[in-house]
Structure formats: structure tokens, C-alpha cells
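Down below is the structure, laid out as C-alpha cells.
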Amino acid sequence: MPHLETKLKKTIAIVGDYSKGSVTHEKLNESLEHVKEKFGYDFSYEWISTLKLAQEGNEVLENYSGIWSAPGSPVASLEGTLSAITFARVNNIPHLGTCAGFQHTVIEFARNILGVKEAQHEEYDANSSFLYISRLACSLAGKRMKVFIKENTKAFSCYNQKEVLENYFCNFGINPKIKNQLKHPKLLVSATDENDDIRIIEMPENKFFVATVFVPQVNSSLENPHPLIHEFVKSCLF
């Protein structure tokens, strides 16, 4: 039993519905391997389906040292993935959300911090009157664009530079009508694009709670593991 407990303390939960052959999913796994091999860290990672979380509850996550909300939507259970984000936020467990993980993080924030219990994602309910995530007027899928990082943020401490290039796979994003509602003491917009559209959000009160519109794992290599992913892993282990 002690051996098992030690192992689980160094295991990262990837919350999402794994699809073999998915570029973003395969790259996610590879990016964690990059960090492991480059820096010699001893950890493992496991995919946990959103349906499993919905059926069995957050007890499933209790022994993991970090949670990555993965790309890929619609998920089998929106409630399952939202509950995992809540679990990470409330318990100060390191959390990284990328692409759909960013979108789900916004929904969780709206429902549980802003108090808009009806907050919805257009991909799950296109007729909702409380869309916080909507289809983008111009898809970002396949694009590589500049991201401007704000100083004195967790994101800046990871990149240590003000301007980077990142890859996108998304067709959904923040509904422009609710953008101002995200100006809240618990939420920090730490990066934007050339049009001042949000690209990274974080929660400064937490050890590591960051979500990105882009997909950092695609921009990772063994020679240069992605800095956001590296810092996420470090926060899970130390």
C-alpha cells in the first residue's frame, strides 16, 4: 500500500475522452514525455474519461497530484469535466486547461464563481440564453498566431517573454457578449492576441491554475519542452 500511495502522488490525471489518433491527444502525451525525459522527473499520467467522473464522482481524483483538462469536445459528460475543474480549483490542485479545457474552465467559472448556474457552451446547447462559449465567427483551427503575455503573471513566469507564437485547433471561444463579465478579482487575463482577445486566463490565488485557448502541447519537443507544460508538471511534483 505505501508503494501505491507514493506512486499516485506523482500521477497526473488527464481529464478527457481519449481518442487514439487525435493530434491534440497524442501531442499531449508526447509533451509530458518531453518534460519527463528532458528534466528526469519521475511521474506518470493517466487519462480519465468524463463519463467515469460523472458516474463515480471526484473521489476518482483524490490521489492525483495534478489535473489537465484536455482538448476535445463535445465530451461524453460536460458535468464530469466541470466537476473535475471545480475539484482542482477548490482544493488548490495544479490545473492546466487547453483548448476545450479552456472553454470548460470558463463555464465552470461562470457557474460556480459568477453564480450563473445556467452558463452554457454552444456545442452542448445551441439554444441556451446563457452562452458563455460560442462558435467563433472565424475559426482558429489550424492557425499559428502571436500571443502577448502580460508581466507579473504566472504565464509570464513560465515563458519569461512578452510575445510567443502558438497553435490553435478551436472552433469555439468566449462569447464576446460576456467578455466583460470575466473581469473578476479571482480571474486574471494573462495573455491576449493582437485584437485584445483573451488567450490565457489564470487564478492567482491558486498554486497553478492556467487555461489556454491555444494548444501548447503541439508546440513542444524533446529539445524544447513547452514552458507552460514544464511549469505545470513542476507544480504537480514539488
Side-chain angles (χ1 to χ4, degrees), residues 1-20 22 24-25 28-29 31-32 43-125 128 130-133 172 182 184 186-187 201-212 217 229 232-233 235-238:
M1 182 62 71
H3 174 74
L4 178 61
E5 289 176 350
T6 300
K7 174 181 178 296
L8 287 176
K9 287 179 182 176
K10 295 185 177 181
T11 304
I12 295 170
I14 306 169
V15 173
D17 302 316
Y18 180 73
S19 176
K20 187 174 182 180
S22 162
T24 57
H25 289 183
L28 189 159
N29 290 347
S31 71
L32 289 171
F43 71 94
S44 58
Y45 51 92
E46 298 173 357
W47 282 78
I48 301 177
S49 75
T50 61
L51 197 57
K52 180 181 178 70
L53 283 165
Q55 293 171 341
E56 300 181 24
N58 286 332
E59 291 79 7
V60 173
L61 299 169
E62 286 182 351
N63 290 313
Y64 291 90
S65 57
I67 296 171
W68 186 333
S69 295
S73 64
V75 291
S77 172
L78 178 59
E79 299 308 320
T81 195
L82 294 181
S83 69
I85 296 168
T86 302
F87 184 80
R89 177 177 58 78
V90 170
N91 294 287
N92 199 19
I93 296 169
H95 172 265
L96 177 63
T98 60
C99 197
F102 171 94
Q103 297 162 23
H104 297 142
T105 298
V106 170
I107 298 297
E108 194 279 335
F109 177 83
R111 289 187 181 186
N112 297 317
I113 295 181
L114 296 182
V116 184
K117 297 301 182 183
E118 304 91 343
Q120 192 52 270
H121 186 305
E122 186 173 354
E123 197 167 22
Y124 300 89
D125 183 1
S128 171
F130 300 90
L131 289 179
Y132 276 69
I133 298 296
F172 292 84
L182 300 182
H184 188 281
K186 289 185 177 294
L187 189 72
I201 56 174
E202 57 187 65
M203 292 190 178
E205 292 181 0
N206 287 56
K207 180 180 180 182
F208 189 103
F209 196 102
V210 177
T212 70
Q217 58 264 40
I229 299 169
F232 166 64
V233 171
S235 71
C236 295
L237 302 182
F238 307 110

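None of the values given here were measured: they were computed from a predicted structure.
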Original post:
Between His184 and Phe109, how do the two ring planes meet: parallel, tilted or perpendicular, split at 30° and 60°?
Top reply: perpendicular

Original post:
For the atom pair CD (Gln103) and OH (Tyr132), what is the distance rounded to the nearest 0.5 Å?
Top reply: 16.0 Å

**OP:** Using the test side-chain hydrogen bond (donor to acceptor under 3.5 Å, both in side chains), find all partners of Ser83 that sit at least two apart in sequence or belong to another chain.
**Re:** Asn58

**OP:** List the atom of Glu56, the atom of Glu59, and the distance in Å for their closest heavy-atom pair.
**Re:** O-OE1, 3.2 Å

Subject >> Straight-line distance of Lys207 NZ to Cys236 SG, nearest 0.5 Å >> reply: 7.5 Å

Original post:
Is there a side-chain contact between Phe209 and Ile85 (heavy atoms, below 4.5 Å)?
Top reply: yes

**OP:** Search all heavy atoms of Thr212 against all heavy atoms of Phe102 and return the closest pair with its distance.
**Re:** O-CB, 3.1 Å

**OP:** Report yes if some heavy atom in the side chain of Leu187 is under 4.5 Å from a heavy atom in the side chain of Met203; otherwise report no.
**Re:** yes

Subject >> Closest approach of Asp17 to Ala76 (non-hydrogen atoms, all atoms of both residues) >> reply: OD2-N, 2.7 Å

Original post:
Is Asn63 close to Thr11 at the side-chain level, that is, under 4.5 Å between some pair of heavy atoms?
Top reply: no

Subject >> Nearest-0.5 Å distance that lies between atom OG1 in Thr50 and atom CD in Gln55 >> reply: 9.5 Å

**OP:** Taking the side chain as every heavy atom from C-beta outward, state whether Phe87 and Glu62 have any atom pair closer than 4.5 Å.
**Re:** yes

**OP:** Go through the steps for Glu123 and Ser73 under the test side-chain contact (heavy atoms from CB on, under 4.5 Å), then give the verdict.
**Re:** CA-CA 8 Å; Glu123 197 167 22; Ser73 64; 2.7 Å; yes

Original post:
Which heavy atom in Ala13 sits nearest to a heavy atom in Ile48, and how many Å separate them?
Top reply: CB-CD1, 3.7 Å

Original post:
With a 4.5 Å limit on heavy-atom distance, are the side chains of Leu53 and Leu61 in contact?
Top reply: yes

Original post:
Quick one: ring pair (Phe, Tyr, Trp, His ring centres under 6.0 Å) partners of Tyr45, sequence neighbours excluded?
Top reply: none

Subject >> Pairwise side-chain contact, Ile12 with Glu46, heavy-atom cut-off 4.5 Å (strictly under) >> reply: no

Subject >> Pairwise side-chain contact, Ile93 with Tyr64, heavy-atom cut-off 4.5 Å (strictly under) >> reply: no

Subject >> Approximate separation, where rounding is to 0.5 Å, of Lys186 NZ and Arg89 CZ >> reply: 8.0 Å

**OP:** State, to 0.1 Å, how close Ala70 and Gly16 come at their nearest heavy-atom pair, and which atoms those are.
**Re:** CB-CA, 4.4 Å

**OP:** Quick one: closest heavy-atom pair of His95 and Gly97, and the distance?
**Re:** CE1-N, 3.7 Å

**OP:** Kindly compute the distance separating NZ (Lys20) from CG (Asn29), expressed to the nearest 0.5 Å.
**Re:** 11.5 Å

Subject >> side-chain contact (heavy atoms from CB on, under 4.5 Å) evaluation trace for Ile201 with Leu182 >> reply: CA-CA 10 Å; Ile201 56 174; Leu182 300 182; 5.7 Å; no

Original post:
To the nearest 0.5 Å, how far apart are CD in Gln217 and SG in Cys99?
Top reply: 8.5 Å

**OP:** Taking the side chain as every heavy atom from C-beta outward, state whether Leu78 and Gln120 have any atom pair closer than 4.5 Å.
**Re:** yes

Original post:
Between Phe208 and Phe232, what is the ring plane arrangement, given parallel below 30°, perpendicular above 60°, and tilted in between?
Top reply: tilted

